[in-house]
Amino acid sequence: MLTEEILKDALHYGKAFTKLGKTAQYIPQLKEVNKYYLGVCAMDLDGMVLEAGDTRVPFTIQSISKLVSLILAIRDCGADHLFHEKVGVEPTGDPFNSIVKLETRTRPFNPFINAGAITVASCIKGKDADEKFGRFLEFTRKLCDNDAIELNHPVYESERATGDRNRALAYYLKASGILEGDVEECLDFYFRMCSVDVTAHDIAHMSLVLANHGADPEDQEELIEPQYAKAIRALMLTCGMYDGSGEFAMTVGFPAKSGVGGGIAVPLVDRMGIGVFGPALDEKGNSAGGIKILEYLSNKMDISLF
Ligand code: GLN
């Protein structure tokens, strides 16, 4: 059984690795974050909440937002259309912001790489970026059980000012007929969804919903259809840590989704949701200390799926 002592030991173990990583250097606002922050929060289905370290420090959700947008796009466009016409479900082995495969294979490989996530963002309904973002924010608050979640304006401005690589991906996708609608509006929504402030506590709750087959753990309201919660957990396992997903499966062994803000969301089906925050990233863009916390917990509690 997980105890606060085990969580504290895991935090202590992970701390040693924060100095080896770097905050995201390509987004000016993220570069400035204190790289020694580290926190882990675990929630189980019986209402137990355990926390160690910096679990209430806000950080931008970044690519963990791709879970939320994927659920909305499945609802809006249907899973068949989305996964047959727009994005695949296979890992790439390339960095998250890579453009290299777009020329040989028009559809992005999966919804978690940036090309895939920008495509998914274009499938969300709403008359403009404001309406789309309003729906995204409302759903994120629900998944995290926190009505105070808001956009981080300086990070949004910073991403918008420097997001030329994402612009290149989006215009390429438009030229290939994959991305429909207005490119700049789609990007504006994408930059905003990545720039929402959350905490490790929030992310643990979101993970718990996925671990609970898509149902709100408090009142069992269905927030995600169970079959899609299952599909998303599978995608998290194969693609959630980008080109580090294989190694993560070997050393840790459960579904996870990272973001360059330093967060990692981990749903352990029928057991618990874990949220980690550590902004010092490894060379793949995943939280260096966060991965070590999860590795410690996986070994200590023998909870690898494998
Ligand atoms: N906003 C980031 C980007 O588009 C998200 C990437 C990530 O978290 N891996 O580059």
Side-chain angles (χ1 to χ4, degrees), residues 24-27 30 61-74 76-125 129 132 136 156 158-195 231-232 234-248 256-261 281-286:
Q25 301 290 296
Y26 71 103
I27 301 174
L30 296 190
I61 187 168
Q62 297 297 339
S63 282
I64 302 172
S65 66
K66 295 170 183 176
L67 299 172
V68 183
S69 55
L70 180 59
I71 300 160
L72 288 175
I74 289 174
D76 287 354
C77 299
D80 279 351
H81 177 70
L82 198 68
F83 291 121
H84 288 127
E85 308 294 327
K86 296 295 179 187
V87 289
V89 291
E90 302 298 340
T92 62
D94 297 322
F96 63 84
N97 55 4
S98 176
I99 198 164
V100 69
K101 287 197 166 76
L102 285 188
E103 195 170 13
T104 47
R105 276 247 217 133
T106 42
R107 273 188 325 150
F109 265 59
N110 68 66
F112 294 155
I113 52 170
N114 286 10
I118 291 167
T119 303
V120 167
S122 75
C123 297
I124 293 174
K125 294 210 161 72
K132 284 185 184 197
F136 171 89
Y156 161 59
S158 189
E159 290 218 27
R160 208 167 52 148
T162 58
D164 290 333
R165 205 177 165 103
N166 287 323
R167 258 181 211 103
L169 291 170
Y171 278 101
Y172 201 101
L173 289 160
K174 174 81 181 185
S176 315
I178 296 287
L179 194 154
E180 293 168 54
D182 187 79
V183 180
E184 287 301 328
E185 190 182 287
C186 172
L187 283 164
D188 187 39
F189 168 66
Y190 174 80
F191 293 138
R192 280 197 242 180
M193 75 176 212
C194 289
S195 305
I232 288 166
L235 274 168
M236 290 170 84
L237 183 81
T238 52
C239 311
M241 304 293 277
Y242 307 112
D243 45 335
S245 298
E247 192 179 340
F248 187 82
K257 180 76 210 81
S258 66
V260 293
L281 309 177
D282 64 16
E283 69 287 355
K284 316 251 164 167
N286 298 319

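Everything numeric in this text was worked out from a predicted model, so none of it was measured.
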ask   = When you look at R192 and F136, which way does the side-chain contact (heavy atoms from CB on, under 4.5 Å) test go after all the steps?
value = CA-CA 10 Å; R192 280 197 242 180; F136 171 89; over 6 Å; no
Side-chain (K257) to main-chain (L235) donor-acceptor, under 3.5 angstrom = no
ask   = Should I113 and D94 be marked as a side-chain contact (heavy atoms from CB on, under 4.5 Å) after you check the CA-CA gap, both sets of side-chain angles, and the distance that decides it?
value = CA-CA 9 Å; I113 52 170; D94 297 322; over 6 Å; no
task = Mind listing the closest non-hydrogen atom pair of I64 and G259 along with its distance?
result = CG1-N, 3.9 Å
ask   = If every non-hydrogen atom of S245 is compared with every non-hydrogen atom of T238, which pair is closest and at what distance?
value = CB-O, 3.3 Å
remark   = Correct closest heavy-atom pair for C186 and I118 would be SG-O, 3.4 Å
key: Least distance between heavy atoms, I124 atom then K132 atom   = O-CE, 2.9 Å
query = Heavy-atom distance under 4.5 Å between the side chains of I99 and L169, does that happen here?
reply = yes
request  = Starting from the C-alpha separation in whole Å, work towards a yes-or-no answer on side chain to side chain donor-acceptor pair (under 3.5 Å) for N114 and Y190.
outcome  = CA-CA 10 Å; N114 286 10; Y190 174 80; 3.3 Å; yes
remark   = When every non-hydrogen atom of G88 is compared with those of P111, the smallest separation belongs to O-CD, 3.4 Å
message = Restricting to non-hydrogen atoms, name the atom on E159 and the atom on S195 that form the minimum distance, rounded to 0.1 Å.
response = OE2-OG, 3.8 Å
key: Check against side chain to side chain donor-acceptor pair (under 3.5 Å), D188 and Y156   = CA-CA 9 Å; D188 187 39; Y156 161 59; 2.3 Å; yes
request  = Would you please say whether a donor-acceptor pair under 3.5 Å links the side chains of K101 and T104?
outcome  = no
inquiry  = Taking the basic N atoms (NZ, or NE/NH1/NH2) and the acidic carboxylate oxygens, is any pair closer than 4.0 Å for R107 and E90?
reply    = no
key: F112 backbone acceptor or donor facing K66 side chain under 3.5 Å   = yes
task = Give a yes or no answer on whether the side chain of N286 reaches the backbone of M241 with a donor-acceptor pair at less than 3.5 Å.
result = yes
inquiry  = Would you say CD of E184 has more than 12 non-hydrogen atoms from neighbouring residues, nucleotides or ligands within 6.0 angstrom?
reply    = yes
request  = Check step by step if side-chain contact (heavy atoms from CB on, under 4.5 Å) holds for V89 and F83.
outcome  = CA-CA 7 Å; V89 291; F83 291 121; 3.6 Å; yes
Ring-face cation of R105 near F109 (centre distance under 6.0 Å, axis angle within 45°) = yes
task = Taking the side chain as every heavy atom from C-beta outward, state whether C77 and C123 have any pair of such atoms under 4.5 Å apart.
result = yes
inquiry  = With a 3.5 Å distance limit and no angle check, can you tell me whether S98 reaches the backbone of P95 through a side-chain donor-acceptor pair?
reply    = no
ask   = Looking only at atom types and distance, does a side-chain atom of R167 sit under 3.5 Å from a main-chain N or O of R160, one as donor and one as acceptor?
value = yes
request  = Taking atom CD of E103 as the centre, report whether more than 12 heavy atoms of other residues, nucleotides or ligands fall under 6.0 Å from it.
outcome  = no
ask   = Can any side-chain N or O of K284 pair as donor or acceptor with the backbone N or O of G244 at less than 3.5 Å?
value = no
